[in-house]
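In this chain, residues are counted from 1 in sequence order. In each ligand, atom 1 is the first atom listed, and ligand 1 is the first ligand listed. Predicted model only: the values in this text are computed from it and were never measured. Below, all heavy atoms of this structure are taken into account, side chains as well, without hydrogens, waters or symmetry copies.
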Amino acid sequence: MAIIISGKEVSANVRAEVKAACEQLRTKGITPGLAVIIVGDDPASRVYVNNKKKACADVGFVSEEYALPAETTQEELLALIDTLNRKPEINGILCQLPLPKHLDEKAVINAISPLKDVDAFHPSNVGRIMIGDYHFLPCTPAGVMELIHSAGIDVSGKSCVVIGRSNIVGKPMAMLLLHENGTVTICHSRTRNLKELCSSADILVAAVGRPKFVKADMVKEGAVVLDVGINRDENGKLCGDVDFAEVEPKASYITPVPGGVGPMTIAMLMKNTLKAAMLQNGID
Ligand code: L34
């Protein structure tokens, strides 16, 4: 029987901290502002963006939503980002991914001012993370670390396996585990001995994007299992990359989906936006 690490609870604690810090900032006449851009009408993105707006209201930030039609051109999107880069009351800019296929994701990420890049996707922020000298951590990996810490788990010296090598989750996740002295292996679709590698992990992070991909025979007895996936199963029900029913009895700690990493992504976004507001106002 595993202990279930509640992202709902931990994210509420993080948000309460951000809210208290926000109240402090307001005494200095500063209210953090986040601009969220959403292009098109992907229903999952709509849910996530709504959750982000709610979180902003909850901690006392101002949020501005820019909901653009799916046909928006690259020029129009870049022009909006340029305007937001120059807008002093906006401290953080986030363009919800994925974008419609005709838009150039890389160019969009590059256009956001690194100081307002609360996703930490800009190459200069990615580089900073690499060398351990950063302002912002990417929200999802940072949220996973926060969950690990909340359970009192020490990463140092542990064998950590990350399944997935995306720029947004897998790669930075590996880096954050490395910063805490984990011995990190990144697995991906070409990995030959996936089952062996995974079942050697003390800490296993699943960020594959495939429903119930991680089965019990891929998990070591007593492992800590963090599930980044958000998928729909054969019945249309929300599920992670981990087969929870199979894996939970074997793990020592496990995160659920929903109510695990997802809410943490949003809480860490609040933390980054607060940090951005402080940096832009010369407070640290
Ligand atoms: N630019 N794009 C940008 N930044 C991000 O940090 C994201 N991500 C990912 C997708 N695209 C992005 C998110 O916001 C994933 N993601 C995200 C955010 C919130 C939740 C899930 C993913 C979330 O709220 N999850 C809830 C359930 C939501 C539901 O009911 O569908 C949970 O409990 O897991």
Side-chain angles (χ1 to χ4, degrees), residues 4-12 14-15 34-56 58 63 65-68 77 80-81 84 92-100 103-114 116-122 125-126 129 136-147 164 166-173 205-209 211 226-233 235-242 244 254-273 276:
I4 295 171
I5 310 176
S6 168
K8 241 182 159 163
E9 268 174 48
V10 180
S11 67
V14 172
R15 276 154 64 162
L34 175 68
V36 183
I37 305 170
I38 174 169
V39 188
D41 46 16
D42 179 64
S45 294
R46 178 33 71 198
V47 172
Y48 307 154
V49 166
N50 285 348
N51 289 348
K52 289 175 185 188
K53 285 179 4 192
K54 257 187 260 161
C56 281
D58 173 50
S63 72
E65 180 185 295
Y66 295 87
L68 307 181
L77 182 53
L80 171 61
I81 290 170
L84 295 171
I93 305 170
L94 177 153
C95 183
Q96 189 70 22
L97 302 179
L99 289 170
L103 295 171
D104 179 355
E105 217 161 85
K106 212 194 227 171
V108 169
I109 288 169
N110 278 312
I112 295 173
S113 160
K116 296 191 177 185
D117 171 36
V118 283
D119 269 327
F121 291 168
H122 190 284
N125 286 323
V126 174
I129 292 156
F136 309 121
L137 287 177
C139 302
T140 300
V144 170
M145 295 312 294
E146 197 76 26
L147 289 174
S166 70
N167 288 332
I168 287 171
V169 182
K171 285 186 210 169
M173 186 73 247
V205 181
V208 222
L226 300 125
D227 191 348
V228 177
I230 304 198
N231 316 289
R232 300 267 166 189
D233 70 8
N235 306 314
K237 225 178 116 221
L238 226 47
C239 75
D241 290 348
V242 176
F244 188 91
I254 190 166
T255 64
V257 177
V261 175
M264 291 308 296
T265 296
I266 294 180
M268 301 322 276
L269 173 67
M270 298 301 109
K271 228 174 156 164
N272 281 348
T273 305

Next item on the list: Identify the protein heavy atom lying closest to atom 31 (O) of ligand 1, giving its residue, its atom name and the separation to 0.1 Å.
Entry: L238 CD2, 3.6 Å
Notebook entry, point to check: Quick one: nearest non-hydrogen protein atom to atom 28 (C) of ligand 1, plus distance?
Noted result: V47 CG1, 4.0 Å
Checklist line | Closest to atom 19 (C) of ligand 1 (judged by heavy-atom distance), picking from D42, I266, N272 | finding: I266
Notebook entry, point to check: Hey, does I230 come in under 3.5 Å of ligand 1, counting only N/O atoms on both sides?
Noted result: no
Checklist line | Nearest protein heavy atom with distance in Å, relative to atom 4 (N) of ligand 1 | finding: D119 OD1, 2.9 Å
Check: If you count the non-hydrogen atoms of other residues, nucleotides and ligands that lie under 6.0 Å from CD in E9, is the total more than 12?
Finding: no
Checklist line | Heteroatom proximity flag, L94 to ligand 1, N/O under 3.5 Å | finding: no
Item checked: For atom 33 (O) of ligand 1, the protein heavy atom that lies nearest, with its residue and separation -> G259 N, 2.6 Å
Checklist line | Flag side-chain contact, heavy atom, 4.5 Å: M173 against M145 | finding: yes
Notebook entry, point to check: Does any N/O atom on T265 come nearer than 3.5 Å to any N/O atom on ligand 1?
Noted result: no
Check: For the residue pair S166 and P172, what are the closest heavy atoms and their distance?
Finding: O-CD, 3.8 Å
Checklist line | Donor-acceptor contact present, side-chain D227 to main-chain G229, <3.5 Å | finding: yes
Item checked: Taking every non-hydrogen atom, the tightest pair across A120 and F136 -> CB-O, 3.7 Å
Next item on the list: Examine ligand 1 and decide if any of its atoms is less than 4.0 Å from a heavy atom belonging to K52.
Entry: yes
Note to self: Polar contacts were defined as any N/O atom of the residue lying under 3.5 Å from an N/O atom of the ligand; does this apply to L97 and ligand 1?
What the structure shows: yes
Item checked: Closest protein heavy atom (residue, atom, distance) for atom 12 (C) of ligand 1 -> Q96 NE2, 3.2 Å
Margin query: Under a 4.0 Å threshold between the charged nitrogen and the carboxylate oxygen, would D41 count as salt-bridged to R46?
Written below: no
Next item on the list: Could you tell me whether R232 and ligand 1 have an N or O pair separated by under 3.5 Å?
Entry: no
Checklist line | Option of least heavy-atom distance to atom 24 (O) of ligand 1 (set: N51, V228, V118) | finding: N51
Margin query: When you compare ligand 1 with T140, is there at least one nitrogen or oxygen pair between them that comes in under 3.5 angstrom?
Written below: no
Next item on the list: Determine the minimum heavy-atom distance between I5 and P256, stating which atoms define it.
Entry: O-CD, 3.2 Å
